[in-house]
Colleague: 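The following block contains the structure, expressed as structure tokens.
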Amino acid sequence: MSSPENETLRGVQSVFSKEGQTRKCTVEPVVIGGMVLDVNATSSMHANPRTTTPGKVIFSLGGVARNVADCISKLEARPFMISAVGFDMAGNMLLEHWESAGLSIEGIQRHQNIETAVVCHIFDEEGEVAAGIAHVESIEKFLTPRWIEKFKCKISSTPILMVDANLTSSSLEASCQPMANAISGKDIFQPIRRDGTSTKLSKESFFQMLKPAIWVLLDKGVKVVVVTLGSEGVLLCSKAKSYLQKLAFKGNQPPYFSKQLYEAVNTVWPKDQIFGVSMCETKSNLFAVHFPALPASVVRLTGAGDCLVGGTIASLCAGLDVMQSIAVGIAAAKVVVEVESNVPDEYCLANLADDARSVYSGATMLLCQSKL
């Protein structure tokens with residue numbers, strides 16, 4: 001982990017699901033990463049440099065891993081959090097909320113030398129982060145391999161492990177590019193860059209640019225690749241038709257965590273068909289399914305990606321399949337962008353299920369071909 005300098009803290013989620021255990025959860029999902037106090041500032045008028053501008057400042061409980069785990073708990077799964085906070089105001093606020101939710105603090109290290117991570121965000125008129133300063137050195141100093149290894153029993157037995165990685169944008173690009181090139185054995189992947197214009201790329205264009213890297217991952221044994229595209233939705237990619245069939249359709253299996261979430265979604269879910277196409281009619285060794293984002297009255301966008309991941313993990317732990325879980329994750333993200341906090345105070349499962357059905361109904365196959 002590297003400390004960002006003069007830029008917004010960015011979160012990248014990596015989710016690991018043990019094959020064959022998604023629907024046999026016997027313990028809670030494990031989440032490793034930062035717990036952060038966010039200081040969110042929104043100007044009520046055009047901001048002038050080097051002077052104070054009227055606006056609104058609020059404290060919000062944050063951190064990529066914390067947000068994901070909080071979202072999971074709001075959907076009635078029980079995440080086990082591994083993190084580090086201090087004996088200060090920010091740490092007290094974060095832990096008080098955690099304990100009030102009835103969640104375990106066993107994995108959260110506290111030490112007098114820890115200064116709890118704090119991030120200050122300044123938002124523009126559209127709810128996007130315009131600038132930010134991150135004070136997160138304590139996470140990389142105290143959330144060490146040694147601390148994480150204390151909970152290796154829980155990690156080894158969890159059905160799903162989620163790890164957040166907070167790095168500068170340049171570090172993330174440098175890390176992702178060598179990983180892709182190392183897997184492929186070739187120096188062929190470069191970060192995708194915007195040209196600075198307002199022209200939006202279509203989902204088809206996005207997929208065509210990402211397809212070579214996606215194929216490398218699938219060809220090397222990764223079963224499913226999920227790519228988030230912000231306001232453009234989500235791509236779900238799989239190499240084998242038989243595996244995608246298993247993702248879309250499963251037998252009647254009981255939920256292992258949230259019975260309410262499982263029943264709410266399955267009550268409204270369409271049966272037997274995916275996007276109007278029978279799975280047995282397609283002939284391909286690569287499938288890419290595009291799930292659209294939902295329209296929303298955006299207040300701010302922090303927490304959207306975290307709640308997408310949290311909603312997806314909670315759904316998998318509830319016994320829902322991957323298709324359903326991605327749709328629920330997108331629905332969970334819609335709720336959070338319409339509030340000021342990083343995670344909503346609560347979710348209405350009926351509304352969440354209806355939104356998830358809308359996402360699924362709007363999904364489309366982008367590719368059905370036998371060769372790249």
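Below, each value reflects all heavy atoms present in this structure, side chains not excepted, and no hydrogens, waters or symmetry copies.
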Colleague: Looking only at non-hydrogen atoms, find the nearest pair between P344 and C307 and report the distance.
Modeller: CD-SG, 4.1 Å
Colleague: Of all the heavy-atom pairs spanning A296 and E338, show the shortest one and how long it is.
Modeller: CA-OE2, 3.4 Å
Colleague: Answer yes or no: are there more than 12 heavy-atom neighbours, outside F87 itself, under 6.0 Å from its atom CZ?
Modeller: yes
Colleague: Yes or no on ring-ring contact (aromatic ring centres under 6.0 Å, His included) for Y360 and W269, after CA distance, side-chain angles and deciding distance?
Modeller: CA-CA 9 Å; Y360 183 86; W269 208 254; 4.7 Å; yes
Colleague: Nearest 0.5 Å, please: how far is CG in D88 from CD in Q112?
Modeller: 12.0 Å
Colleague: Determine whether V226 and V234 satisfy the following criterion, side chain to side chain contact (heavy atoms under 4.5 Å, CB included), listing intermediate values before the conclusion.
Modeller: CA-CA 7 Å; V226 178; V234 171; 3.6 Å; yes
Colleague: Cluster question for you: counting only ILVMFWY and a side-chain heavy-atom cut-off of under 4.5 Å, with indirect links fine, are V118 and W98 together?
Modeller: yes
Colleague: Nearest 0.5 Å, what's the CG-CE distance between L236 and M365?
Modeller: 9.0 Å
Colleague: Taking Q324 for the side chain and D321 for the main chain, is one N or O donor matched with an acceptor at less than 3.5 Å?
Modeller: yes
Colleague: Return the minimal non-hydrogen interatomic distance between G34 and M81, and the atom names on each side.
Modeller: O-CE, 3.9 Å
Colleague: Do the non-hydrogen side-chain atoms of D306 and R66 ever get within less than 4.5 Å of each other?
Modeller: no
Colleague: Would you say S358 and L294 make side-chain contact, with heavy atoms under 4.5 Å?
Modeller: yes
Colleague: With sequence neighbours left out, what residues match N342 under side-chain hydrogen bond (donor to acceptor under 3.5 Å, both in side chains)?
Modeller: D38, S60, T302
Colleague: With heavy-atom distances below 4.5 Å as the criterion, would you say the side chains of L103 and P79 are in contact?
Modeller: yes
Colleague: When rounded to the nearest 0.5 angstrom, what is the spacing between OG1 in T116 and CG in N92?
Modeller: 7.5 Å
Colleague: Would K74 count as a cation-pi partner of Y347, with NZ or CZ less than 6.0 Å from the six-membered ring centre and within 45° of the ring normal?
Modeller: no
Colleague: By salt bridge (Lys or Arg N to Asp or Glu O under 4.0 Å), which residues pair with D219, not counting sequence neighbours?
Modeller: K239
Colleague: Establish whether V359 and V224 are linked, either directly or via other cluster members, by ILVMFWY side-chain heavy-atom contacts under 4.5 Å.
Modeller: yes
Colleague: Considering non-hydrogen atoms only, spot the tightest contact between K223 and L218 and give its length.
Modeller: O-CD2, 3.8 Å
Colleague: So, for G233 and H290, which heavy atoms are closest and what is the spacing to 0.1 Å?
Modeller: CA-NE2, 4.2 Å
Colleague: How long is the straight-line distance from CE of M89 back to CG of L37, given to the nearest 0.5 Å?
Modeller: 5.5 Å
Colleague: Give a yes or no answer on whether the side chain of R78 reaches the backbone of P29 with a donor-acceptor pair at less than 3.5 Å.
Modeller: no
Colleague: Counting only N and O atoms by type, is there a donor-acceptor contact under 3.5 Å from the side chain of T228 to the main-chain atoms of G230?
Modeller: no
Colleague: Should L61 and L75 be regarded as members of a common hydrophobic cluster, given that ILVMFWY residues are connected when their side-chain heavy atoms come within less than 4.5 Å of each other, either directly or indirectly?
Modeller: yes
Colleague: Could you give me the CA-CA distance, side-chain angles and deciding distance for C237 and F207, then say whether side chain to side chain contact (heavy atoms under 4.5 Å, CB included) is met?
Modeller: CA-CA 10 Å; C237 307; F207 179 73; 4.0 Å; yes
Colleague: Could you tell me whether the side chain of I72 reaches within less than 4.5 Å of the side chain of V31, counting heavy atoms only?
Modeller: yes
Colleague: Would you check if the side chain of D355 reaches a backbone N or O of A331 as a donor-acceptor pair within less than 3.5 Å?
Modeller: no
Colleague: Is it the case that the side chain of T158 and the backbone of L161 share a donor-acceptor pair, with hydrogens and angles ignored and the cut-off at 3.5 Å?
Modeller: no
Colleague: Given side chain to side chain contact (heavy atoms under 4.5 Å, CB included), test L143 with I148 step by step and report yes or no.
Modeller: CA-CA 7 Å; L143 189 53; I148 293 170; 4.3 Å; yes
Colleague: Should we say atom CG of N113 is surrounded by more than 12 heavy atoms from elsewhere, each under 6.0 Å from it?
Modeller: yes
Colleague: For residues D70 and S73, determine if any side-chain heavy atom of one lies less than 4.5 Å from a side-chain heavy atom of the other.
Modeller: yes
Colleague: How long is the straight-line distance from CG of L229 back to CZ of F291, given to the nearest 0.5 Å?
Modeller: 12.0 Å
Colleague: Is it true that the side chains of Q109 and H111 contain a donor and an acceptor less than 3.5 Å apart?
Modeller: no
Colleague: So which heavy atom on A318 is nearest to which on L261, and how close?
Modeller: CB-CD2, 4.1 Å
Colleague: Show the atom names and distances, to 0.1 Å, of all donor-acceptor pairs under 3.5 Å that link a side chain in residues 310-317 to residues at least two apart or in another chain.
Modeller:
{"residue": "T312", "atom": "OG1", "partner": "L308", "partner atom": "O", "Å": "2.8"}
{"residue": "T312", "atom": "OG1", "partner": "S325", "partner atom": "O", "Å": "3.4"}
{"residue": "S315", "atom": "OG", "partner": "G311", "partner atom": "O", "Å": "2.7"}

Colleague: Answer yes if F59 and V85 sit in the same cluster of Ile, Leu, Val, Met, Phe, Trp and Tyr residues linked by side chain heavy atoms under 4.5 Å apart, and no otherwise.
Modeller: yes
Colleague: Would you say the side chain of I139 lies within less than 4.5 Å of the side chain of V36, judging by non-hydrogen atoms?
Modeller: yes
Colleague: Parallel, tilted or perpendicular: which fits the ring planes of F123 and H121, with parallel below 30° and perpendicular above 60°?
Modeller: tilted
Colleague: Roughly how far apart are I114 CD1 and E137 CD, rounded to 0.5 Å?
Modeller: 13.0 Å
Colleague: Walk me through whether I108 and M35 qualify under side chain to side chain contact (heavy atoms under 4.5 Å, CB included).
Modeller: CA-CA 9 Å; I108 303 172; M35 301 183 77; 3.6 Å; yes
Colleague: Please determine if E340 and K56 form a salt bridge, counting it only when a charged side-chain N lies under 4.0 Å from a carboxylate O.
Modeller: yes
Colleague: Should V343 and V339 be counted in the same cluster of Ile, Leu, Val, Met, Phe, Trp and Tyr side chains packed under 4.5 Å apart?
Modeller: no
Colleague: Quick check: does any side chain N or O of W147 sit under 3.5 Å from a backbone N or O of G107, one acting as donor and the other as acceptor?
Modeller: yes
Colleague: Quick one, F151 and V30 - any side-chain contact, counting heavy atoms below 4.5 Å?
Modeller: no
Colleague: Contact between E76 and L349 at the side-chain level, heavy atoms closer than 4.5 Å - yes or no?
Modeller: yes
